[in-house]
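Below: the structure, in structure tokens.
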Amino acid sequence: MMAMFNRQQLQVASVICVIFLLMSYYHIFRTCPGEITTDVHETQKQSLTSSSPVSSSGPCSCPAGSILLKDHLPKDQIEELMKRRAKELQQHKARTTSVLSTLLLAEANSPLQYPIQGFIVRPQTSTLIPGLMLKADGRESYQLSLNVSKGVLTTGNPPEGVTIKGDGKMELVVESNSLESLNNLLATVTYTSTIYHIHIGDLAFFQFENHKAMFPITIKQPVMPVLYDMGTEISSHVTITTKTFLRYSNLNVLLSSIRKFYSKINVIIADDSFEPQQITGEHIEHYIMPPARGWFAGRNLAISQVTTKYFLWVDDDFVFTENTKIEKLVEVMEAVPELDVVGGSVQGNQFYFSLIYQEGEEMEGGCLNRKSNGKFQPLPGYPYCSLASGVVNFFLARTDAARKVGFDPKLQRVAHSEFFMDGMGSLMVASCNHVTIGHQPHTSSKDSARYQSFRHPGGSDEEFKRRLHFFKNNLKCIRYG
């Protein structure tokens, strides 16, 4: 009996503890959201273009083995560079941050109904606000308010017994002794932005008695689709692109191997050799550049001339084999349209990496860790493919996606990962091992020796790249793993 009594006491005590915790939890979330709402409301009274960007969570930690980029800056220029970088960062955030990224917390059991996602309006166009409703117990009178800061609110003709204040203004107050009539009016409320912007946001503040709610309004100009007529042949799907410099013997081997397997596919060559040679043949476009303009400038030129949905990037010393099946890469891209880049393997060897980035403190900069052989997860439906941040120089890419990121022409000799760094957050990348390309053996010649002097120019290019990362990418440190 005593043991049973003790168990009953323990059960009662447990229930009391749970009730106490639930009451505490309820009290916290009844009070905190109201405070947050008030703060955000005050913030939104300012213009979006003049409001402060969202602050970072604090300094980031550089992984062991990182390069501290500040140490590679001229000592007498550090202060001025920091000021210019800070100004550029603020302008970047003004272009990329908005109230749409504001954290919104919903109160528990609110009687207010409103859209929480997907309410998109065109600039300066009246749009009905969907789903506005009040669900409250019987009262003698109901009064609620709706506030915005980037537009005005209008209603239809009010039913009998409903009074309206602020129709056509930023703050709308509605009162009625009939809940049904009030909700009928709410179903007619429209929002019209008063400013023109192609992509901006507003926050609507909805209040009934002590119940407060916020919901986002996306003000966005619709994007016109850019579609590619794929046709029926691989030559209408893909263009092969490459960059050459002083390696015409390698280039000719590459072209011969392409024609062995793909006789009609278009090949675009960007060439910044000192004494350009003529490259002839059907379905070949040969573009001559100023001498030694560099790796990324050549990539930009080649890709700017692509007219197909995809392009295949290859180095000029690669060679097509029976395992270089472009169709298999296209199949993956078409099946997973979210993908922007799919890499293959070179002589059966894959190279891919993951990028781990912390924004860090604004003035100090972020921390970037490039992990070789780092990947995230298998691509669903394709077990031989994995999602990653970057891949080898043999890849199929969506033309419009790659153009939006671009290849920084300041990087002339030492570059590849930088394209994927610039594309982090906008390029969806996968690495696959079921399609491979060959690599030509190294040969000794006058041109190859001259090429190597540019291919491995020494420490000056590496130093330049570190300074570029410091300013352009607002980085404190970078680690190549």
Report yes or no: is the cationic atom of Arg398 (NZ for Lys, CZ for Arg) closer than 6.0 Å to the six-membered ring centre of Tyr310, at no more than 45° off its axis? no

Step through the shown structure and confirm whether more than 12 heavy atoms of other residues, nucleotides or ligands are within 6.0 Å of NZ on Lys465. yes

Could you tell me the separation between the CD atom of Glu338 and the CG atom of Leu379, rounded to the nearest 0.5 Å? 9.0 Å

Kindly indicate, with the supporting measurements, whether the criterion side-chain contact (heavy atoms from CB on, under 4.5 Å) is fulfilled by Phe419 and Phe296. CA-CA 9 Å; Phe419 166 67; Phe296 270 12; 4.0 Å; yes

Quick one: do Tyr357 and Met424 satisfy side-chain contact (heavy atoms from CB on, under 4.5 Å)? Show the steps, please. CA-CA 9 Å; Tyr357 171 62; Met424 188 175 65; 3.4 Å; yes

Would you find more than 12 non-hydrogen atoms of other residues, nucleotides or ligands less than 6.0 Å from Met428 atom CE? no

Atom of Val314, atom of Ile240 and distance for their closest heavy-atom approach: CG2-CG2, 3.8 Å

Walk me through it: do Phe206 and Leu132 pass the test side-chain contact (heavy atoms from CB on, under 4.5 Å)? CA-CA 9 Å; Phe206 199 21; Leu132 286 184; 3.8 Å; yes

More than 12 foreign heavy atoms under 6.0 Å from CZ of Arg95: is that the case here? no

Under a 3.5 Å distance rule, please check whether Ser110 uses its side chain to pair with a backbone N or O of Leu112 as donor and acceptor. yes

Under 3.5 Å, is there a donor-acceptor pair between the side chain of Asn300 and the main chain of Phe407? yes

For Ser178, does its backbone N or O pair with a side-chain atom of Ser176 as donor and acceptor, under 3.5 Å? yes

Separation between CD1 of Ile195 and OG of Ser149, rounded to the nearest 0.5 Å: 8.0 Å

Please check: side-chain N/O of Arg479 versus main-chain N/O of Leu368, any donor-acceptor pairing under 3.5 Å? no

Leu355 to Met421 - nearest heavy-atom pair and separation: CD1-CA, 3.8 Å

Roughly how far, to the nearest 0.5 Å, is CD of Glu418 from NZ of Lys410? 13.5 Å

With a 4.0 Å cut-off on N to O distance, would you call Glu362 and Lys93 a salt bridge? yes

Indicate yes or no: does Lys472 engage Glu88 in a salt bridge with an N to O separation below 4.0 Å. no

According to the interplanar angle, ranging from 0 to 90°, do the rings of Phe395 and His416 count as parallel (below 30°), tilted (30 to 60°) or perpendicular (above 60°)? tilted

Is the shortest side-chain heavy-atom distance between Phe208 and Leu134 below 4.5 Å? yes

Under 4.5 Å between any side-chain heavy atoms of Val330 and Glu327, yes or no? no

Just by distance, with hydrogens left out, do Ser141 and Glu175 show a side-chain donor and acceptor under 3.5 Å apart? yes

Sequence neighbours excluded, the answer for side-chain contact (heavy atoms from CB on, under 4.5 Å) partners of Ser193 is Pro123, Gln124, Tyr191, Ile219

Side chain to side chain donor-acceptor pair (under 3.5 Å) assessment of Ser431 paired with Gln350: CA-CA 8 Å; Ser431 178; Gln350 282 180 277; 2.7 Å; yes

Shortest non-hydrogen separation from Leu185 to Asn157 and the atoms involved: CD1-O, 4.4 Å

Do Leu312 and Ile265 have side chains that get closer than 4.5 Å, going by heavy atoms? no

Can you tell if the side chain of Glu171 reaches within under 4.5 Å of the side chain of Phe205, non-hydrogen atoms only? no

Give a yes or no on whether the backbone of Thr436 and the side-chain of Thr324 come within a donor-acceptor separation of less than 3.5 Å. yes

Can you tell me how far apart CZ (Arg122) and OG1 (Thr192) are? Round to the nearest 0.5 Å. 14.0 Å

Suppose we call two aromatic rings close when their centres sit under 6.0 Å apart. Are Tyr384 and His434 close by that rule? yes

May I ask you to decide if Val405's main-chain N or O and Asp422's side chain share a donor-acceptor pair within less than 3.5 Å? no

Donor-acceptor side-chain pairing of Asp229 and Ser236 below 3.5 angstrom: no

Do Cys367 and Cys62 have their SG atoms less than 2.5 Å apart? no

What heavy-atom pair brings Ala302 and Trp313 nearest, and what distance separates the two atoms? CB-CZ3, 4.2 Å

Has Arg466 got a side-chain atom pairing as donor or acceptor with Ile67's backbone, closer than 3.5 angstrom? no

Do Ser145 and Gln207 pair up side chain to side chain, a donor and an acceptor below 3.5 Å, judged on atom types alone? no

Any side-chain heavy atom of Leu468 sitting closer than 4.5 Å to one from Asp408? yes

Under a 4.0 Å threshold between the charged nitrogen and the carboxylate oxygen, would Lys309 count as salt-bridged to Asp400? no

Assess, by modelled atom type and distance only, whether the side chains of Ser304 and Arg403 contain a donor and an acceptor separated by less than 3.5 Å. no

Going by atom types only, do Asn266 and Glu285 share a side-chain donor-acceptor pair under 3.5 Å? yes

Please indicate whether Arg84 has more than 12 foreign heavy atoms, meaning atoms of other residues, nucleotides or ligands, lying under 6.0 Å from its CZ. yes

Under a plain distance cut-off of 3.5 Å, with no hydrogens placed, do Glu209 and Gln143 share a side-chain donor-acceptor pair? no

Taking atom types as modelled and ignoring hydrogens, do the side chains of Thr239 and Thr308 form a donor-acceptor contact shorter than 3.5 angstrom? yes

Nearest heavy-atom contact between Lys243 and Gly294 is CE-O, 3.2 Å

Give me the atom names and distance for the closest heavy-atom approach of Ala270 to Gly298. CB-O, 3.3 Å

Min side-chain heavy-atom separation Pro111-His211 under 4.5 Å: yes

Ile78, CD1 atom: more than 12 neighbouring heavy atoms under 6.0 Å: yes

Hey, could you give me the OH/CD1 distance between Tyr287 and Ile268, rounded to the nearest 0.5 Å? 5.5 Å

After noting the C-alpha distance and the side-chain angles of Val429 and Asp340, does the key distance pass the side-chain contact (heavy atoms from CB on, under 4.5 Å) rule? CA-CA 6 Å; Val429 182; Asp340 298 298; 6.0 Å; no

Are any non-hydrogen side-chain atoms of Asn177 and Tyr142 less than 4.5 angstrom apart? no

Is there a side-chain contact between Cys432 and Tyr382 in this structure, where contact means two heavy atoms from C-beta onward sitting under 4.5 Å apart? no

Could you tell me if Arg370 sits above the aromatic ring of Tyr480, with its cationic atom closer than 6.0 Å to the ring centre and no more than 45 degrees from the axis? no

Side chains of Thr188 and Thr155, donor plus acceptor under 3.5 Å: no

For the CE atom on Met170, are there more than 12 heavy atoms of other groups (residues, nucleotides or ligands in this structure) within a distance under 6.0 Å? no

Ignoring hydrogens and angles, state whether a donor on the side chain of Glu233 or Tyr262 is under 3.5 Å from an acceptor on the partner side chain. no

When rounded to the nearest 0.5 Å, the distance separating CG of Asn474 from CG of Leu89 is 4.5 Å

